[in-house]
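Fair warning: this is a prediction, and the values are worked out from it, not measured in the lab.
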Amino acid sequence: MDIVQHPHSTSASPGGSPANVAFGLARLGVATDLCAHFGDDPEGEILREHLEVAGVALLPTGAGNTTSTALAVLGAAEAPIGGRISAVSHRLHNLVNAAKG
């Protein structure tokens, strides 16, 4: 689960890079299987349902106690996220151009 903490609120949504890719492929009509570990908790059930509704076939892996989460903390002055994203984007652009020759 992806947890996003804003200055005055917190939200949770299904996520994780492999799950996001599988979700997108299935929604595009591509037959998609995902082998991932989900916990036996409400978050795991949310992820399972989210992926199955999109058409992702979940391969059995066994279940654990808790589903893993990723936390992003967004803030005004404390975490200038936009500036960091811009800097990373600029570096990636330069690397791609350098690779092209």
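Judged as a salt bridge (charged side-chain N to carboxylate O under 4.0 Å, His left out), and not counting sequence neighbours, Glu49 has no contacts. Scored by the side-chain contact (heavy atoms from CB on, under 4.5 Å) test, Gln5 finds Thr10, Leu71, Val73 as partners (sequence neighbours excluded). With sequence neighbours left out, the side-chain contact (heavy atoms from CB on, under 4.5 Å) criterion links Asp2 to Ser13, Ala70. Residues forming a side-chain hydrogen bond (donor to acceptor under 3.5 Å, both in side chains) with Asp41 (at least two apart in sequence, or on another chain): Thr67. Residues satisfying the side-chain hydrogen bond (donor to acceptor under 3.5 Å, both in side chains) criterion with Thr32, sequence neighbours excluded, are absent altogether. Applying the ring-ring contact (aromatic ring centres under 6.0 Å, His included) criterion to His6, with sequence neighbours excluded, gives no partner residue.
Hydrophobic cluster membership differs between Val30 and Val56, with clusters built from Ile, Leu, Val, Met, Phe, Trp and Tyr side chains linked at under 4.5 angstrom. If you chain together hydrophobic residues whose side chains sit under 4.5 Å apart, Leu58 and Met1 fall into the same group.
Taking both residues in full, the closest heavy atoms of Gly39 and Arg48 are given as O-NH2, 3.1 Å, listed atom of the first, atom of the second, then distance. Scanning both residues, Ala26 and Ala54, for their nearest heavy atoms gives CB-O, 3.4 Å. Nearest heavy atom pair, residue Cys35 against residue Thr61, reads SG-CG2, 3.3 Å.
Using a 4.5 Å cut-off on side-chain heavy atoms (C-beta onward), Leu34 and Pro18 make contact.
In this structure, CG in Leu51 is found 12.0 Å from CD1 in Ile46, a value given to the nearest 0.5 Å. With rounding to the nearest 0.5 angstrom, the CZ atom of Phe38 is 10.0 Å from the CD atom of Glu45.
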